[in-house]
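Below, all heavy atoms of this structure are taken into account, side chains as well, without hydrogens, waters or symmetry copies. Order of the sequence lines sets the chain letters (A, B, ...), proteins ahead of strands, with each chain counted from 1.
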Amino acid sequence: MPELPEVETFARELRPDLVGQRITAVEVRWPAIVATHPPDAFAALLQETRILDVGRRGKYLLFPLNSGETLIVHLRMTGRFFLAPTPQREKHVHLLMLLDNERWLHYQDVRKFGRFYLEEDPQQVLGKLGPEPLDPSWSSAAFWQALQKHRLPVKSALLDQRIVAGLGNIYADEALFAASIDPRRPANSLTRGDVSRLQAAIRNLLAAALRARGSSVSDYVPPNGVPGTFRAQHQVYRRTDEPCPHCGTPIRRLRIGGRSTHFCPHCQH
DNA sequence: ACCACAACCTGGCCGC
DNA sequence: TGCGGCCAGGTTGTGG
């Protein structure tokens, strides 16, 4: 589920259930999920620590602990959390934590791409991330400067988490459509005006998606089980051959940097 | 330094 | 029903 609005929705919905809870047991079923430690060392370090908060940076979930370490989780393509009163037999549950309110936090991930990190210094994991797109201090001038350094397609630049943190394939395509910019254009060919429109489009889009609790595609849902509804507002993403909502030209799909890209060949220049 | 591409995994869907 | 091929919201490592 994992672009900024979906990860933020996870953080918001987990927060009331997790803040203040002590972790009393940890079970790692798929060791590769834990990037920083062997499973038993990871479990031992988490045991008896208390979760102080649930936050987000880019597409990472952050769980600062009273041990001074921070548990950092990236959901990648198919990771999700849910809570249940007993360990569930559901498929693809790779990690469980028992909380002192007797509920089990389940980490489920069909493709097993998600990763857990336990770090004293979160910067070890987050250090290369670019600005938060919804942070008012992220300026159009800084965005333009960052894009100037790259000749690759602007679509690929938007997916580079060092340029701006939190965009993925859906919101990159939707932002370029909203700003009428052709995804194939070299990043350094954008004018200051283009970049200013693109930045505004990114912010509007993410704020609207957040209000809808994200885009639930396929059957992945936030922890409380209610799917996000932003998918209904996608203008181009996975709408190949459907008419452009502005001009009626069929939406095209092509591959840029290995990722499917959807755009209107008439409206985007 | 830059960029394309494979690898990491599983499952859904489509055509034959 | 089965099988091959392609697709999927991400990131990292390799190699040209």
DNA chain B: stems of at least 3 consecutive Watson-Crick or G-U pairs, cut-off 3.5 Å? B:2-8 with C:10-16, B:10-16 with C:2-8
Any sub-3.5 Å donor-acceptor pair from A:N66's side-chain atoms to A:I51's backbone N or O? no
Enumerate the side-chain hydrogen bond (donor to acceptor under 3.5 Å, both in side chains) contacts for residues 129-143 of chain A, please, sequence neighbours excluded, ordered by first and then second residue. A:R56-A:E132, A:R57-A:E132, A:D135-A:S137
Per the under-4.0 Å heavy-atom filter, residues of residues 160-174 of chain A near DNA chain C come out as A:Q161, A:G168, A:N169, A:I170
Whole-Å distance separating the NE2 atom of A:H234 from the P atom of C:dA8: 14 Å
May I ask you to check whether A:R253 and A:S260 show a side-chain donor-acceptor distance below 3.5 Å? yes
Distance-only, no hydrogens or angles: does the A:R151 side chain make a donor-acceptor pair with backbone N or O of A:Q148 under 3.5 Å? no
Can you check the A:R57 CZ to C:dT11 P distance for me, whole Å? 13 Å
Indicate whether the side chain of A:T70 and that of A:Y117 have a donor and an acceptor atom separated by less than 3.5 Å. no
Test ring-ring contact (aromatic ring centres under 6.0 Å, His included) applied to A:H74 - qualifying residues, sequence neighbours left out: A:Y60
In whole angstrom, what separates A:M77's CE from C:dT12's P? 14 Å
Please report the distance separating the P of C:dT14 from the corresponding atom of B:dC9, rounded so that it comes out in whole Å. 15 Å
If the cut-off is 4.0 Å, is A:S260 near the phosphate of C:dA8, judged by side-chain N/O to OP1 or OP2? yes
Between P on B:dG11 and CD on A:Q108, what's the gap in Å once rounded to a whole number? 11 Å
At under 4.0 Å, does any side-chain N or O of A:R253 touch on OP1 or OP2 of C:dC7? yes
Judged by atom type as modelled, is there a donor-acceptor pair below 3.5 Å linking the side chain of A:Q235 to the main-chain atoms of A:Q233? yes
Using modelled atom types only, decide if a donor and an acceptor are shared between the side chain of A:D173 and the backbone of A:Y237 within a distance under 3.5 Å. no
A:E3 CD to C:dG10 P, straight-line distance once rounded to whole Å: 5 Å
Name the pairs: protein N/O against N/O of nucleotides 1-8 of chain B, kept only if under 3.5 Å.
| unit_1 | atom_1 | unit_2 | atom_2 | d |
| --- | --- | --- | --- | --- |
| B:dC3 | OP1 | A:L152 | N | 3.1 |

Separation between the P atoms of C:dG5 and B:dA6, rounded to whole Å: 15 Å
Could you check how far NZ of A:K112 sits from P of C:dT12, rounded to whole Å? 20 Å
Taking ring-ring contact (aromatic ring centres under 6.0 Å, His included) as the definition, give me every residue that meets it alongside A:F113, ordered by chain and number, with sequence neighbours left out. none
Look at the side-chain N and O atoms of A:K91 and state whether any lies under 4.0 Å from the OP1 or OP2 oxygen of B:dG11. yes
Salt bridge flag under 4.0 Å for residues A:R213 and A:E6: no
Could you tell me whether A:K128 contacts a base, only the sugar-phosphate backbone, or nothing, with contacts defined as non-hydrogen atoms closer than 4.0 Å? nothing
Among side-chain atoms of A:T24 and A:D100, is any donor-acceptor pair under 3.5 angstrom? no
Measure from the side chain of A:V110, starting at C-beta and using heavy atoms only, and say which of C:dT11, C:dA8, B:dT10 lies closest. B:dT10
Output, in order, the C-alpha distance, side-chain angles, deciding distance and verdict of side-chain contact (heavy atoms from CB on, under 4.5 Å) for A:I33 and A:Y107. CA-CA 10 Å; A:I33 291 285; A:Y107 178 71; 4.1 Å; yes
Whole Å only: how far is the CD1 atom of A:I256 from the P atom of C:dG10? 15 Å
Take atom P in B:dC5 and the same atom in C:dC6, then report the distance between them in whole Å. 15 Å
Between A:R255 (CZ) and C:dG10 (P), how many Å, whole number? 13 Å
